[in-house]
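Proteins get letters first, then strands, A, B, ... in listed order; numbering begins at 1 in each.
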Amino acid sequence: MLDKTYDPQPVESKWCGAWRRSKLFGSQAAASSGPKPFVVVIPPPNVTGALHIGHALNNTLQDILVRWHKLHGRPVCWVPGTDHGGIATQNVKERQLKAENKTRHDLGREAFVSSMQSWSSECKKTILGQLERLGCGLDWDREAFTMDAARAKAVHAAFESYWKKGLIYRGERMVNWCVRCGTALSDIEVEYEERKGHLWHIHYPLKGGGEGLTVATTRPETMLGDTAVAVHPKDARYAGLIGKSLTLPLMERDIPVVADDVVESSFGTGAVKVTPAHDPNDFEIGGRHGLALIKVIGPDGKMTSEAGAYAGLSREKARDKVLEDLKAGGRLVKTEDHRHSVGVCYRCMSAVEPLVSKQWFVRMKDLAAPALKAVEEGRFRIYPESWTKPYVEWLSNIRDWCVSRQIWWGHRIPVWYCAACREKDGYKPQVGASQPASCPDCGGTVLEQDPDVLDTWFSSALWPFSVFGWPDQGPDLSFHYPTSVLVTGYEILYLWVARMQMSGLEALGQVPFEHAVIHGIVRDKKGKKMSKSLGNVIDPLVMMDKYGTDALRFSLAVQAHPGRDIPFSEESLTGSRNFANKLWNSTRFVLMNLPETAPEGGLSLKGFAPEALDLCDRWILAEYAQTLSRCRGLMKEYEVAAAADVLYGFLWDRFCDWYVELAKIRLQGADEAAKAAPRAVLAHVLTGTLKMLHPFMPYITEELYASLKPFVGEHADFLLRSGAPEPGSEWESAGAIREMGRLIDVVKALRTLRSEMCVPPGLRISAIAEGGESRDRDLLFKYGEYVRFLARLSELKPSHDGERPPHSATAVASGMTFFVPLEGVIDLSKERQRLEKEVGRLEVEAARLAAKLGDAVFMERAPREQVDLSRSQHADANARLGRLKDVLKSL
RNA sequence: GCCCAGUUGGCGCAGUGGUAGCGCGCUCCCUUGACAUGGGAGAGGUCAUAGGUUCAAAUCCUAUACUGGGCACCA
């Protein structure tokens, strides 16, 4: 016998291990010629610590899809893995070192990387273990890491192939430099933040004396590197100055006034200081006007020797000092408050410094074109569709991708330079995974590898095929590629999804996945992002301990509407835990009412012709069939939340609250033969529902299925090997649903009456039904037992000759009037009040419908069914009204 | 500045043409042989605003406001 409440822990550890040991999600999809498998590659979590709630959501959704497809008979392959995480991971390690007052340089590159390696493999273990605990049906034999040997091979192959095709180049460009992380970043690794700042107006005098002009800037310290001032060519104020020279204050350097269209005359003073080395726009202006590049800020964020007296100061200190000196020299004309957005590093949030430096870039235009075409031709679809447009726009305006990073943790760039030749003009380094024996130019054997590593996203971009052995063109690759669907958050749509599409198309000529399912971010209940500093994080592991894994999964799934963020609160877990308990107890009930041992072949449902079943049996089977088909339709569109909700409603409302209650009539009766039908129906419907719920709540459903399976004649070792609930359509019955609805209405009306008239719940009362259509009357008396049982009646009988018992309360439902004699209990004024309220409500409705039917345009233009519907609604309302008024009069 | 999404009962959300549903919360009643992590009943919404299309609008169109997001600019 099951316990009274569901205790998740023992059930979870039992099945978690069993699934793994039996290789339930093993390599069934291994290279073979079987049916096309459902393939998913995990968005590999960074090896920076433990699983957070966002991972829980992401992986729950994937697991739901994977289990769903497996349930429906498809081979599945979900590849587990982790990401080395480049800057993010190195930062965490560096913070640890900092706590010991050390930097990575104290360890040296080799020791640092090896300590990263051992630390990251610890994290890897933790994360994968947590994914397993979440119930994820991953193919554990395929575990991959973005920096393991197989993935390194793919990285080298991709780099080399890009190099050969001229898709990768090294060049000196303006890049986003994170001073704190000490590395270049790509454009999409920069986020923009509104920050309070100032706009300083600085006067630059004309060379040799004269008025000169005033520029406006938010970054005065960069003036030390100014090599021009730009104005709009049509700006009358400055027309006379174009071509003249100004004297740069503090540096006493001559700089020209140039005319350039990009200058906005209405902003600031209409004159812009130009610092080609430290501003992307200025860099372009400099290019157009042949201006010199003077780097005054170094990669360490300090002023360089070019900054004269300011050399060695930090950016911030230099700003203060420059302003102070300008003020002292009378050059600072004005200081205004100014809000502007500042680019910050997505990993450490410190202000990014635009800097000219030599980096590796991937040429993106030609890679983006096939990816765009794939969307256009529908070979790649994004769910929800609304993310398609931003995706297309980003690809259409793509810029070259800076892929070199000045950190140590990552794939070292596979490029080798000859020490003797590297400074020569037109020198071409050698590309390859291992060190070349000698330099082809000079035969020298002193070759140095590029010290930089690749952007972590470079290896991530190859993930959907590197995990299947690419560049080897084995059967494993051809069998699994392209994968079926990728599930991820919108925050990495460009960083990752787009790049996988591009590299997949480039490497294999086919999209890496046909569908991308984009989910939202899990936020706190107020809608704020969860963060350690805000202290609003919800730890999925703590939640699993507290409420059970299935509760956590269901709670996330039922809120995961496509593309929408989830305001998550711990309270939502209570509801899901209660639902798990409801499942547990409904199974407990069913098992209590089944024979002790299952007959050979189970309790067959096939033996009952539809007409041999009771109305409630046919009804629940019809509802069940409808639920299955709805659920399947929703899952096809990745409407996971809606599917979860449909199942929840069916199990709790229809199955438990109505069917189980009605089944008790026969199960608690003395007629043994009558128990066969409800037993078979209970077993089949519950088992099928558990199967459908399994992808959402794998543990509890697996456990309960194990007890139920003999009763439906199944012997599979695991639920997922038992086949999907089938069929459904043969049980569809609009008639059963309609008829049961009529009876439910009667029960509800009588319950309301009891509650409002304060009839003690234990007191059985009788009800007399009057009037109504013969169809409804026949139905009512045929299934009078339902009403008696559910409304707790002592008797339900028809009225004779319009007999109306005195001292009765009245309810109107399904076209009939029900009199409930309540002598001694009834409060007549209360009853009158109750009925008058109902009359008022109905009068409004009848009037509304009458107006509609009296509207000639409606009658003429509305479709026939609509007119008929309104007519019958009107007749219905009037009939009820008539009955109630009748009763009121006689009261 | 451009684009996208959202705005529905106290809270969180469903609902793509016939005047609204769910969960939580709230009120009242009930420990009845699956479950109090339960059952029954109830209160509570002119679906952001203003126009328009339509016989009919939460739903379609336009504008506005607010919120969130993407992109660009940001001297």
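- Across the protein-nucleic acid pair, Asp645(A) atom CG and rA14(B) atom C1' stand 7 Å apart, rounded to whole Å.
- Taking the six-membered ring for Trp and thresholds of 30 and 60 degrees, Phe579(A) and Tyr648(A) have ring planes inclined between 30 and 60 degrees apart.
- Across all strands shown, rU16(B) remains unpaired; no Watson-Crick or G-U wobble contact has both distances below 3.5 Å.
- Phosphate proximity of rA72(B) to Arg399(A): present, with a side-chain N or O under 4.0 Å from OP1 or OP2.
- Taking atom P on both rG9(B) and rC4(B), the two are 26 Å apart, rounded to the nearest angstrom.
- Base engagement by Arg577(A) is indicated by at least one non-hydrogen atom pair under 4.0 Å involving a base atom.
- Contact between the side-chain N/O atoms of Arg754(A) and the OP1/OP2 oxygens of rC30(B) is not found at any separation under 4.0 Å.
- The structure places CG of Leu849(A) at 10.0 Å from CG of Asp876(A), a figure rounded to the nearest 0.5 Å.
- Of the residues in residues 549-556 of chain A, not one comes within less than 4.0 Å of RNA chain B through any heavy atom.
- For the P atom pair drawn from rA5(B) and rU62(B), the interatomic distance equals 11 Å after rounding to whole Å.
- More than 12 non-hydrogen atoms from other residues, nucleotides or ligands lie less than 6.0 angstrom from NZ of Lys675(A).
- Distance His198(A) NE2 to rC74(B) P: 20 Å, rounded to the nearest Å.
- Between the CG atom of Asp855(A) and the C1' atom of rU54(B) there is a distance of 12 Å, given to the nearest Å.
- Contact annotation: Trp652(A) reaches the phosphate of rG39(B) (side-chain N/O to OP1 or OP2, under 4.0 Å).
- OP1 and OP2 of rG40(B) both lie 4.0 Å or more from every side-chain N or O belonging to Lys748(A).
- Across all strands shown, rG68(B) pairs with rC4(B); the Watson-Crick or G-U wobble distances both stay below 3.5 Å.
- For the OP1/OP2 pair of rG38(B) and a distance below 4.0 Å, the side-chain nitrogens and oxygens of Asn578(A) include at least one atom meeting the criterion.
- Of the residues listed (Trp387(A), Tyr383(A), Trp496(A), Trp394(A)), the one engaging Tyr490(A) in a ring-ring contact (aromatic ring centres under 6.0 Å, His included) is Trp387(A), and it is the only one.
- For the pair Gly520(A) and Leu57(A), the tightest heavy-atom approach, listed with the atom from each and the gap, is O-CD2, 3.6 Å.
- Taking atom C1' in both rG17(B) and rG25(B), one finds a spacing of 33 Å when rounded to whole Å.
- With hydrogens and angles ignored, a donor-acceptor pair closer than 3.5 Å exists between the side chain of Ser341(A) and the base of rC74(B).
- A donor-acceptor contact under 3.5 angstrom links the side-chain atoms of Arg848(A) to the base of rU19(B).
- As the counterpart of rU53(B), no nucleotide is assigned, since no Watson-Crick or G-U wobble pattern has both distances under 3.5 Å.
- For the C1' atoms, the distance linking rG69(B) with rG10(B) amounts to 27 Å, nearest Å.
- For the pair Lys582(A) and rG39(B), the criterion of a side-chain N or O lying under 4.0 Å from OP1 or OP2 is met.
- Residue Lys837(A) has a polar side-chain atom (N or O) positioned under 4.0 Å from OP1 or OP2 of rA43(B).
- The nucleotide rG9(B) finds no pairing partner, because no Watson-Crick or G-U wobble arrangement with both distances shorter than 3.5 Å includes it.
- Side-chain N/O atoms of Ser572(A) include none lying less than 4.0 angstrom from OP1 or OP2 on rG12(B).
- Contacts of residues 255-263 of chain A with RNA chain B (heavy atom under 4.0 Å): Val263(A).
- The 12-atom threshold is exceeded at CZ of Arg339(A), counting heavy atoms of other residues, nucleotides or ligands nearer than 6.0 Å.
- Of all the heavy atoms in Leu667(A) and Pro678(A), the pair that sits closest is CD2-CG, 4.2 Å.
- Using P as the reference atom, rA36(B) and rC24(B) are 16 Å apart when rounded to the nearest Å.
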Report task. Would you sort out whether Tyr659(A) and Val681(A) count as a side chain to side chain contact (heavy atoms under 4.5 Å, CB included), showing the intermediate values? Result -> CA-CA 10 Å; Tyr659(A) 184 70; Val681(A) 172; 3.4 Å; yes

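- Between the side chains of His278(A) and Glu221(A), no donor-acceptor pair is found at a separation under 3.5 Å.
- Look at CD on Glu637(A): it is 13 Å from P on rU16(B), rounded to the nearest Å.
- When the P atom is compared between rC60(B) and rG15(B), the two are found 11 Å apart, to the nearest whole Å.
- Less than 4.0 Å separates RNA chain B from at least one heavy atom of each of the following residues of residues 489-497 of chain A: Tyr494(A).
- Both distances falling under 3.5 Å, in either a Watson-Crick or a G-U wobble arrangement, occur for no nucleotide opposite rU31(B).
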